Number of protein chains: 2
Amino acid sequence: MKISKRSKIPEATITRLSVYSRYLKRLDKQMITTISSSEIAEGVGVSSAQVRKDLAYFGEFGTKGVGYNVNDLIRYLVKILGLNVDWNMLLVGAGNLGAALVTYHEFKDRGFYITGVFDNDVTKIGTKILDMEILSLDKMPDIIKKYNVRIGILAIPPQAAQAVADLFVKNGLEAILNFAPININVPKNIEVRNVDLSIMLETITFSLAGKK
Amino acid sequence: MKISKRSKIPEATITRLSVYSRYLKRLDKQMITTISSSEIAEGVGVSSAQVRKDLAYFGEFGTKGVGYNVNDLIRYLVKILGLNVDWNMLLVGAGNLGAALVTYHEFKDRGFYITGVFDNDVTKIGTKILDMEILSLDKMPDIIKKYNVRIGILAIPPQAAQAVADLFVKNGLEAILNFAPININVPKNIEVRNVDLSIMLETITFSLAGKK
DNA sequence: GTATGTGAACTATTTCACAGCT
DNA sequence: AGCTGTGAAATAGTTCACATAC
């Protein structure tokens with residue numbers, strides 16, 4: 001089975017593929033070998049047509065009248081998402097959030113590794129989070145080279161975010177996971193994903209304020 | 001100026017209103033009093049038509065030929081998002097992520113307060129994160145009543161997530177911010193927002209895998 | 001002159017429904 | 001008989017472009 005060339009895939013489709021893959025891994029552990037689109041749909045909370053459409057962007061992974069082989073489908077999804085290889089990341093910001101990210105088990109389960117932790121606070125440099133020594137920013141090029149890092153994580157206050165983002169770009173990183181609640185400007189070939197917890201809460205309060 | 005009744009507002013619009021409001025607060029601190037939709041657009045990285053459309057769902061907040069009054073617009077947005085009142089939340093899961101959330105300053109800045117921290121690990125109960133004592137789950141009804149809590153945060157492993165979500169619902173919470181990487185099933189009148197960091201990374205690796 | 005507010009046009013995404021394969 | 005894969009239809013969301021107000 002070939003994995004087709006990507007034409008124009010909705011971002012939401014990629015998000016769901018990631019959800020499917022994790023759900024399928026759970027099924028795989030329970031020794032379930034075959035599954036239909038409607039069972040996946042049921043398990044992750046989307047429609048079965050959506051599941052089939054999402055998968056069909058990349059190939060014909062199922063068997064008509066039967067469904068999908070769980071193991072095979074996991075392998076296709078892992079390949080599509082680029083998870084057949086490990087990804088080394090570096091983290092700037094050794095505060096509470098940074099510490100939570102370093103110890104976040106789900107990352108390792110999915111093949112994501114934080115291979116460098118940086119901070120510009122001199123009282124932190126040289127101390128450790130788990131076994132990771134906190135480094136000064138000028139060590140960044142060494143770490144990027146040594147571990148072939150392509151992804152940077154920003155877990156710092158908003159005032160400092162743009163400067164560190166610039167540093168990421170200058171050092172050749174290709175993607176940024178940004179936890180700072182500010183819009184960072186980078187060249188358009190750099191992938192940026194913003195994680196903003198206050199925004200998520202505010203979509204909740206908007207809905208709740210509309211109720212009672 | 002009246003804030004109009006909500007008809008059918010895209011979720012993405014609410015997300016952007018939240019972004020606008022934070023950007024405007026920054027301008028307000030710099031003593032900027034008037035701003036155009038294109039300046040907002042520039043600052044947050046969307047189109048100016050998008051800004052105007054988003055605002056127009058709720059009322060006519062601007063002046064033709066002039067723009068928007070920063071202060072007034074902040075007040076409208078705060079009201080729309082339900083941030084004119086404080087929101088008390090409770091947190092289940094006193095691990096690293098939980099600790100990061102308790103100490104997350106941005107929450108307080110926006111009027112969100114964690115007024116109870118729970119865990120089912122008996123070695124944690126009675127210890128503290130900052131000044132918050134970690135409580136056993138059976139104290140939940142007391143805290144909800146005492147602080148009029150409507151929002152619960154799940155920062156626990158996926159295996160335990162559904163059971164605690166059920167407990168939230170049983171105790172009358174109306175919204176859940178879920179950090180567990182699993183689909184939780186709740187009645188449809190309960191608002192759920194999922195924060196899944198691995199998924200965000202996987203949309204990045206999908207894009208990067210497509211490159212070199 | 002300038003910038004909003006908004007229908008209309010356009011683009012994107014989801015759902016429908018069924019032909020085709022097992 | 002059952003379930004996929006997919007065009008077509010429906011729905012949702014964004015951008016255009018301009019009349020209107022200051």
Side-chain angles (χ1 to χ4, degrees), chain A residues 1-20 24 27 32-74 76-77 80 203 206, chain B residues 1-20 24 27 32-74 76-77 80 203 206:
Chain A
M1 184 73 48
K2 263 269 285 317
I3 292 177
S4 311
K5 200 73 228 81
R6 56 198 70 184
S7 46
K8 201 62 190 318
I9 321 269
E11 180 81 8
T13 288
I14 308 308
T15 300
R16 286 188 298 264
L17 293 184
S18 178
V19 173
Y20 304 158
L24 291 165
L27 296 181
I32 294 162
T33 57
T34 305
I35 193 165
S36 67
S37 58
S38 36
E39 290 169 306
I40 296 174
E42 168 75 17
V44 305
V46 302
S47 75
S48 69
Q50 184 80 80
V51 172
R52 292 197 300 280
K53 195 64 126 182
D54 286 337
L55 296 174
Y57 280 114
F58 296 95
E60 307 193 359
F61 303 136
T63 308
K64 294 178 196 209
V66 179
Y68 302 88
N69 178 283
V70 173
N71 233 289
D72 291 348
L73 189 50
I74 289 170
Y76 293 130
L77 290 175
I80 292 165
T203 67
F206 169 78
Chain B
M1 186 72 49
K2 266 268 288 317
I3 292 177
S4 311
K5 199 74 228 80
R6 54 198 71 185
S7 48
K8 200 64 189 318
I9 321 267
E11 180 81 8
T13 289
I14 308 307
T15 300
R16 286 188 299 263
L17 293 184
S18 178
V19 173
Y20 304 157
L24 290 166
L27 296 181
I32 293 163
T33 56
T34 305
I35 193 166
S36 67
S37 59
S38 36
E39 290 168 305
I40 297 173
E42 168 75 18
V44 305
V46 302
S47 74
S48 68
Q50 185 79 81
V51 172
R52 294 197 300 279
K53 195 64 128 182
D54 286 338
L55 296 175
Y57 280 114
F58 296 95
E60 306 194 0
F61 303 137
T63 307
K64 295 180 198 211
V66 178
Y68 302 88
N69 177 283
V70 173
N71 233 289
D72 290 348
L73 189 50
I74 290 170
Y76 292 129
L77 290 175
I80 291 164
T203 66
F206 169 77

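Because the structure is a prediction, the values reported are computed rather than measured. Within every chain, numbering begins at 1; the chains are lettered A, B, ... in the order of the sequence lines, protein sequences first and strands thereafter.
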**Q** List the residues meeting salt bridge (charged side-chain N to carboxylate O under 4.0 Å, His left out) with B:R16, not counting sequence neighbours, and say none if there are none.
**A** B:D54

**Q** Can you tell me how far P of C:dG5 sits from OH of B:Y76, to the nearest Å?
**A** 11 Å

**Q** For residues 66-73 of chain B, tabulate all N or O donor-acceptor pairs below 3.5 Å that involve a side-chain atom, not counting sequence neighbours.
**A**
residue: B:N69; atom: OD1; partner: B:N71; partner atom: N; Å: 3.1
residue: B:N69; atom: OD1; partner: B:D72; partner atom: N; Å: 2.8
residue: B:N71; atom: ND2; partner: B:D28; partner atom: OD1; Å: 3.1

**Q** Specify the separation, in whole Å, of atom CD of A:E11 and atom P of D:dA12.
**A** 21 Å

**Q** Considering residues at least two apart in sequence or located in another chain, which fulfil the side chain to side chain donor-acceptor pair (under 3.5 Å) criterion with A:T34?
**A** none

**Q** Can you check whether B:Q50 has a side-chain N or O nearer than 4.0 Å to OP1 or OP2 of D:dG13?
**A** no

**Q** I want to check one thing: is the phosphate of C:dT4, taken as OP1 and OP2, less than 4.0 Å away from some side-chain N or O of B:S37?
**A** yes

**Q** What is the separation between atom CD1 on A:I14 and atom P on C:dT13, rounded to the nearest whole Å?
**A** 11 Å

**Q** A:I9 CD1 to C:dA12 P: how many Å, rounded?
**A** 13 Å

**Q** Return a single string for nucleotides 17-22 of chain D, one symbol per nucleotide in 5' to 3' order, where B is base contact, S is sugar-phosphate-only contact and - is none, cutoff 4.0 angstrom on heavy atoms.
**A** B--BBS

**Q** Please enumerate all residues that pass side chain to side chain donor-acceptor pair (under 3.5 Å) together with B:T15, with sequence neighbours excluded.
**A** none

**Q** Nearest-Å distance, CG (A:L55) to P (C:dT15)?
**A** 15 Å

**Q** What pairs with B:V51 under side-chain contact (heavy atoms from CB on, under 4.5 Å), at least two apart in sequence or on another chain?
**A** B:Y20, B:S37, B:I40, B:A41, B:V46, B:L55

**Q** Who are the salt bridge (charged side-chain N to carboxylate O under 4.0 Å, His left out) partners of B:E42, not counting sequence neighbours?
**A** none

**Q** Under 4.0 Å between a side-chain N or O of B:S36 and OP1 or OP2 of C:dA3?
**A** no

**Q** Rounded off to whole Å, could you give me the CD1-to-P distance for the A:I35 and D:dC3 pair?
**A** 12 Å

**Q** With A:T63, which residues qualify under side chain to side chain donor-acceptor pair (under 3.5 Å), at least two apart?
**A** none

**Q** Between the protein and nucleotides 7-11 of chain C, list every N/O to N/O distance that falls short of 3.5 Å.
**A**
residue: C:dG7; atom: N7; partner: B:K53; partner atom: NZ; Å: 3.4
residue: C:dG7; atom: O6; partner: B:K53; partner atom: NZ; Å: 3.3

**Q** Would you please classify the geometry between the A:Y76 ring and the A:F61 ring as parallel, tilted or perpendicular, with 30° and 60° separating the classes?
**A** parallel

